[in-house]
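To start, I am sharing the structure in question, which I have written as structure tokens.
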Amino acid sequence: MKKLFDELSQQVSKDVTKKYSTSFSLGILALQPSIRPAIYGIYGFVRLADEIVDSFHDYNKEILLKRLTEQTFQALDEGISINPVLQSFQMAVNKYNIDRSLINQFLHSMEMDLNKIDYNSDLYQEYILGSAEVVGLMCLKVFTEGKQEVYDKLKPYAMKLGSAFQKVNFLRDLKDDYQILGRTYFPNIEMNVFNNSIKTQIENEIALEFKEALIGIKMLPASSKFGVYLAYKYYLCLFNKIKQSTAERILNERVRVPNTQKFSVAMSSYLQYKMSFL
């Protein structure tokens with residue numbers, strides 16, 4: 001009967017992914033079916049922690065995050081949780097032997113979001129590492145299915161991809177992060193002087209990370225290559241749209257990619273994949 005609960009837990013994490021991210025949902029669908037539940041499990045857990053620090057403004061976020069942390073490691077130790085999101089996450093972590101230091105680093109970055117921080121370069125790198133790069137490494141553990149040598153080889157590229165995704169998120173969410181949450185992640189930047197020149201500097205850094213990440217995507221196992229490439233193409237599409245927008249525009253509205261354009265990207269990416277351009 002526990003099998004039924006496990007299936008329910010994985011379905012809940014899948015629903016969480018679909019509810020919050022069309023791009024990642026479509027990317028995960030392009031993965032081999034056997035590894036999809038683990039990636040849904042990782043996304044569901046990451047989203048749950050992110051929601052606490054980003055959305056639960058009327059509640060004590062510090063207590064909620066601490067409780068999530070305690071329940072997460074309890075689930076990992078005991079191999080079960082009655083919280084379906086934590087159950088599917090612990091199944092992924094224990095099955096693919098995901099290092100707990102990655103989970104600790106991620107939760108540390110979530111804690112950083114509990115307080116207003118003036119980010120310098122070191123704190124910025126620390127936040128990116130925990131909030132994005134280690135999530136890429138958790139997924140890489142699943143993609144490489146226990147092959148440590150392959151994991152070690154692809155690790156720098158997975159971190160670059162996670163970092164690029166996060167920095168695109170920062171630019172996309174600049175308005176809400178600054179106006180609603182009072183956060184600015186980019187180091188040593190005063191938002192009242194954010195202009196096209198500063199925006200271009202940030203974009204050049206992101207473009208370089210996307211370029212390096214693509215090298216690693218081409219070396220991924222067949223079971224995950226197209227799915228990760230698709231997520232990469234979605235984010236590249238959003239990044240290009242941001243690049244075409246002025247600094248003033250992204251300070252005042254959230255740039256989006258319509259679902260119709262996402263489906264177009266999916267079709268063209270599939271053709272590239274089938275024609276062995278990857």
Can you give the donor-acceptor pairs under 3.5 Å from side chains of residues 145-157 to other protein atoms, not counting sequence neighbours?
unit_1: Gln148; atom_1: OE1; unit_2: Lys141; atom_2: NZ; d: 3.1
unit_1: Gln148; atom_1: NE2; unit_2: Asp152; atom_2: OD1; d: 3.0

For this session: Count the heavy atoms belonging to other residues, nucleotides or ligands that lie under 6.0 Å from NZ of Lys241, then report whether that count exceeds 12.
Result: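 Atom NZ in Lys241 is crowded, with more than 12 foreign heavy atoms closer than 6.0 Å.
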
Exercise. Between Arg67 and Ile63, is any pair of side-chain heavy atoms under 4.5 Å apart?
Worked result: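 Counting from C-beta outward, Arg67 and Ile63 do come under 4.5 Å.
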
For this session: For residues Leu129 and Met159, determine if any side-chain heavy atom of one lies less than 4.5 Å from a side-chain heavy atom of the other.
Result: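 Answer yes - side chains close enough.
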
Exercise. Within a reach of under 6.0 Å around NZ of Lys66, are more than 12 heavy atoms found that belong to other residues, nucleotides or ligands?
Worked result: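 Open.
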
For this session: Verify the neighbour count for atom CD of Glu62: are there more than 12 heavy atoms of other residues, nucleotides or ligands below 6.0 Å?
Result: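 For Glu62, atom CD is not crowded (no more than 12 foreign heavy atoms under 6.0 Å).
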
For this session: Starting at CD1 of Ile39, measure out to CG of Leu29 and round the result to the nearest 0.5 Å.
Result: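 Answer rounded to 0.5 Å: 13.0 Å.
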
Exercise. So among Lys211, Glu209, Glu133, which one has a side chain to side chain contact (heavy atoms under 4.5 Å, CB included) with Lys160?
Worked result: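 Among Lys211, Glu209, Glu133, the one that satisfies the side chain to side chain contact (heavy atoms under 4.5 Å, CB included) with Lys160 is Glu209.
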
Exercise. What do the steps show when you test Asp15 against Gln11 for side chain to side chain donor-acceptor pair (under 3.5 Å), and what is the final call?
Worked result: CA-CA 6 Å; Asp15 289 344; Gln11 182 62 45; 2.9 Å; yes

Problem set entry | Heavy atoms of other groups near Phe5 CZ, more than 12 under 6.0 Å |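 Atom CZ in Phe5 is crowded, with more than 12 foreign heavy atoms closer than 6.0 Å.
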
For this session: Supply the atom-to-atom distance Leu26 CG to Lys18 NZ, rounded to the nearest 0.5 angstrom.
Result: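 If I round to the nearest 0.5 Å, the distance is 10.0 Å.
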
Exercise. Given the rule that I, L, V, M, F, W and Y join up when any side-chain heavy atoms are under 4.5 Å apart, are Val53 and Tyr178 in one cluster?
Worked result: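 The answer is yes; both residues are in one hydrophobic cluster.
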
Exercise. Side chains of Ser34 and Gln32: is there a donor and an acceptor less than 3.5 Å apart?
Worked result: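 Per modelled atom types, Ser34 and Gln32 side chains form a pair under 3.5 Å.
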
For this session: Not counting sequence neighbours, which residues clear side-chain contact (heavy atoms from CB on, under 4.5 Å) with Pro33? List them please.
Result: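 Only Arg36 meet the side-chain contact (heavy atoms from CB on, under 4.5 Å) criterion with Pro33.
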
Problem set entry | Any donor-acceptor N or O pair under 3.5 Å, side chains Gln272, Tyr229 |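 Tyr229 and Gln272 do have a side-chain donor-acceptor pair below 3.5 Å.
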
Exercise. Nearest 0.5 Å, what's the CD1-CD1 distance between Ile42 and Ile98?
Worked result: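 So the CD1 of Ile42 and the CD1 of Ile98 are separated by 4.0 Å.
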
Exercise. Are any non-hydrogen side-chain atoms of Phe45 and Ile103 less than 4.5 angstrom apart?
Worked result: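 Yes, at least one pair of side-chain atoms sits under 4.5 Å.
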
Exercise. With sequence neighbours left out, what residues match Tyr235 under ring pair (Phe, Tyr, Trp, His ring centres under 6.0 Å)?
Worked result: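 By the ring pair (Phe, Tyr, Trp, His ring centres under 6.0 Å) rule, Tyr235 matches Phe24, Phe165.
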
For this session: Decide yes or no for Glu126 and His108: does some side-chain heavy atom of the first lie under 4.5 Å from some side-chain heavy atom of the second?
Result: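 Of all side-chain heavy-atom pairs linking His108 with Glu126, at least one is under 4.5 Å.
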
Problem set entry | Side-chain heavy-atom pair Leu171, Phe186 within 4.5 angstrom cut-off |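 Sidechains of Phe186 and Leu171: in contact.
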
Problem set entry | Contacts of type ring pair (Phe, Tyr, Trp, His ring centres under 6.0 Å), residue Phe210, not counting sequence neighbours |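 Ring pair (Phe, Tyr, Trp, His ring centres under 6.0 Å) list for Phe210, sorted by chain: Tyr232, Phe239.
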
Problem set entry | Gap between atom CG of Asp54 and atom CZ of Phe56 - 0.5 Å precision |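 Phe56 CZ to Asp54 CG: 10.0 Å, rounded to 0.5 Å.
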
For this session: Flag yes if Met138 and Tyr20 sit in one hydrophobic cluster, no otherwise; membership is Ile, Leu, Val, Met, Phe, Trp, Tyr, and two members link when side-chain heavy atoms are under 4.5 Å apart.
Result: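 Yes; Tyr20 is reachable from Met138 via cluster members.
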
Exercise. What do you reckon, are the aromatic ring centroids of Tyr124 and Tyr119 less than 6.0 Å apart?
Worked result: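 Tyr124 vs Tyr119: aromatic centres not under 6.0 Å.
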
For this session: Look up atom CD in Glu248 and atom CZ in Phe194, then write down how far apart they are to the nearest 0.5 Å.
Result: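 Going from CD on Glu248 over to CZ on Phe194, the span is 11.5 Å.
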
Exercise. Which distance, rounded to the nearest 0.5 Å, do you find between the CD1 of Ile217 and the CD of Glu212?
Worked result: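 Ile217 CD1 to Glu212 CD: 12.0 Å, rounded to 0.5 Å.
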
Donor-acceptor list for residues 72-87 side chains, cut-off 3.5 Å, not counting sequence neighbours:
unit_1: Thr72; atom_1: OG1; unit_2: Leu68; atom_2: O; d: 2.7
unit_1: Asp77; atom_1: OD1; unit_2: Arg100; atom_2: NH1; d: 2.7
unit_1: Asp77; atom_1: OD1; unit_2: Arg100; atom_2: NH2; d: 3.2
unit_1: Ser81; atom_1: OG; unit_2: Asn83; atom_2: N; d: 3.0
unit_1: Asn83; atom_1: OD1; unit_2: Val85; atom_2: N; d: 2.9
unit_1: Asn83; atom_1: OD1; unit_2: Leu86; atom_2: N; d: 3.4
unit_1: Gln87; atom_1: OE1; unit_2: Ser81; atom_2: N; d: 2.9
unit_1: Gln87; atom_1: OE1; unit_2: Gln90; atom_2: NE2; d: 3.2
unit_1: Gln87; atom_1: NE2; unit_2: Asp6; atom_2: OD1; d: 2.9

Exercise. Are any of the side-chain heavy atoms of Ile35 and Tyr96 separated by less than 4.5 Å?
Worked result: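 A side-chain contact under 4.5 Å exists here.
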
For this session: Can you establish whether the number of heavy atoms outside Lys3 located under 6.0 Å from its atom NZ is more than 12?
Result: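 Atom NZ in Lys3 is not crowded, with 12 or fewer foreign heavy atoms closer than 6.0 Å.
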
Distance-only donor-acceptor pairs under 3.5 Å for side chains of residues 253-264, two or more places apart:
unit_1: Glu253; atom_1: OE1; unit_2: Arg249; atom_2: NE; d: 3.4
unit_1: Glu253; atom_1: OE1; unit_2: Arg249; atom_2: NH2; d: 3.4
unit_1: Arg254; atom_1: NE; unit_2: Asp173; atom_2: OD1; d: 3.0
unit_1: Arg254; atom_1: NH2; unit_2: Asp173; atom_2: OD1; d: 3.2
unit_1: Lys262; atom_1: NZ; unit_2: Ser23; atom_2: OG; d: 3.4

